[in-house]
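I have placed the structure first, in the form of structure tokens, so that the comments after it can refer back to it.
Reminder, nothing fancy here: chain letters follow the sequence lines and each chain counts from 1.
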Protein chains: 2
Amino acid sequence: MQNLKGKAPRTASSKKPSAGPAVDKVDTAYLQTLMGYNARRAALSIIELFLERLAPYGLKPVDFSVMSTIQHNPGVTSRQLCATLNLLPPNLVGLIQSLESRGLIERKPHPHDGRAVGLHATPKGQALMVQAEQTASDLEIEKTAKLTPIQRKTLLALLQKIYL
Amino acid sequence: MQNLKGKAPRTASSKKPSAGPAVDKVDTAYLQTLMGYNARRAALSIIELFLERLAPYGLKPVDFSVMSTIQHNPGVTSRQLCATLNLLPPNLVGLIQSLESRGLIERKPHPHDGRAVGLHATPKGQALMVQAEQTASDLEIEKTAKLTPIQRKTLLALLQKIYL
DNA sequence: TATTGTTATACTCTATAACTATA
DNA sequence: TATAGTTATAGAGTATAACAATA
């Protein structure tokens, strides 16, 4: 384990101010007490591998979450996707158009609201996502290999208590 | 920062899910099993409040982590900062120049390596960071209010097992 | 009048190549 | 030759304002 000091780590011992000493090992004890810092570092670490493994599917993290949500919620609207995934409507337009032009999703008129459009995964899109979700799940297990299954489940639950 | 209204999907009437293509409530059960998704959502949730509370200090998350690391590691070099915080050297240059022009840090010659430059927080920078770190710590406690102190400590340790 | 989807656009963040000066 | 710092720049990600069609 890391050297966990007390609550508020103090500045390391400083030598002569005119000739600053070389730092042998960088102390990040304080930053490691911040949830935002740790969550972001952990997320970026996983996303780095995600980008590599999901590149063959032509899916980046946002594309993946959008496709997965459409797959599991046939007929979902763009507005609902934005609210669910915390995206802004203008940034979703090009993404949807790209997925449609690739033949992964279809846009069908909404049954009750003429303004809205229901989004549906095509058979091609569904087949792609079955593979993509398996790849993503495998990668995540690999990236969290230092955690026991119970620790992993605990971590997911605690993170959701922050943003949900 | 998102500016979406936190309004739930309409249709309070309880209809059968099989009544039509319209989605009543969006199911995100699968995405919630992914550590990358949850970690990113939690991080963004905290960072949103971070941006608001730290704006009076003129510090964004990266500025804050750089200043904090300099504060706790007097004489640290740019290269060490990049390795520690996972930044790219070209993206750190402007950031360091900005902090220096604001009088928050000083650049002193490295004692043993003529190529390197040691970074030091000025008294003004130190005073600012004492306040900024307190604000950040307070904000994080507030944002993780649903967690017990033990759960919070557990969460930090588990996240570090992923990226460290 | 309010909402869905859209266009245009600006701003920020991140990534890559190449240069300089020192080692 | 290798490394620290820098410059310039391209690409991706994220933000706001405003519009047309529909409720």
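- Applying the side chain to side chain donor-acceptor pair (under 3.5 Å) test to pairs two or more places apart or on separate chains, those with a residue in residues 59-68 of chain A are A:Ser68-A:Glu133.
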Determine whether B:Tyr30 and A:Thr69 satisfy the following criterion, side chain to side chain donor-acceptor pair (under 3.5 Å), listing intermediate values before the conclusion.
CA-CA 9 Å; B:Tyr30 171 73; A:Thr69 305; over 6 Å; no
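- Applying the 4.0 Å criterion to OP1 and OP2 of C:dC13, one finds that B:Lys60 has a side-chain N or O inside that range.
- The interatomic distance linking A:Asp113 (CG) with C:dT3 (P) rounds to 12 Å, in whole Å.
- Heavy atoms from other residues, nucleotides or ligands lying under 6.0 Å from CD of A:Glu48 number 12 at most.
- Rounding to whole angstrom units, CG of residue B:Leu95 and P of D:dT6 are separated by 12 Å.
- For the pair B:Leu85 CG and C:dT14 C1', the computed distance is 15 Å after rounding to whole Å.
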Protein N or O to nucleotides 5-10 of chain C N or O, pairs below 3.5 Å:
unit_1	atom_1	unit_2	atom_2	d
C:dG5	OP1	A:Val117	N	3.2
C:dG5	OP2	A:Arg79	N	2.7
C:dT6	OP1	A:Arg107	NH1	2.9
C:dT6	OP1	A:Arg107	NH2	2.9
C:dT7	OP2	A:Gln97	NE2	3.4

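- The side-chain hydrogen bond (donor to acceptor under 3.5 Å, both in side chains) test applied to B:Thr135 returns B:Tyr57, not counting sequence neighbours.
- A heavy atom closer than 4.0 Å to some atom of DNA chain C occurs in A:Arg40, these being the qualifying members of residues 38-51 of chain A.
- Within the structure, every pair that satisfies the salt bridge (charged side-chain N to carboxylate O under 4.0 Å, His left out) test and touches residues 111-120 of chain B, not counting sequence neighbours, is listed here: B:Asp113-B:Arg115.
- A search for side chain to side chain contact (heavy atoms under 4.5 Å, CB included) contacts involving A:Thr122 returns A:Glu106, A:Lys124, not counting sequence neighbours.
- Within the structure, ring pair (Phe, Tyr, Trp, His ring centres under 6.0 Å) pairs that include any residue of residues 81-103 of chain B do not occur (at least two apart or interchain).
- For A:Leu44, the side chain to side chain contact (heavy atoms under 4.5 Å, CB included) criterion is met by A:Arg40, not counting sequence neighbours.
- Judged as a salt bridge (charged side-chain N to carboxylate O under 4.0 Å, His left out), the pairs with a partner in residues 135-158 of chain A (not counting sequence neighbours) are, in order, A:Arg53-A:Glu142, A:Glu140-A:Arg152.
- Listed by first and then second residue, the ring pair (Phe, Tyr, Trp, His ring centres under 6.0 Å) pairs involving residues 35-56 of chain A are A:Phe50-A:Phe64 (not counting sequence neighbours).
- The CG-C1' distance, from B:Asn86 to C:dC13, rounds to 14 Å in whole Å.
- The NE2-P distance, from A:His112 to C:dT4, rounds to 16 Å in whole Å.
- The distance between atom CG of A:Leu92 and atom C1' of D:dG13, rounded to the nearest whole Å, is 14 Å.
- Every pair passing salt bridge (charged side-chain N to carboxylate O under 4.0 Å, His left out) that includes a residue from residues 88-100 of chain A is listed here, sequence neighbours excluded: A:Glu100-A:Arg107.
- Distance, B:Asp63 CG to C:dT12 P: 12 Å, rounded to whole Å.
- Consecutive Watson-Crick or G-U pairs involving DNA chain C, each under 3.5 Å on both distances, make up stems of three or more pairs at C:1-23 with D:1-23.
- One atom, CG of A:Leu88, and another, P of C:dC11, lie 17 Å apart when rounded to the nearest Å.
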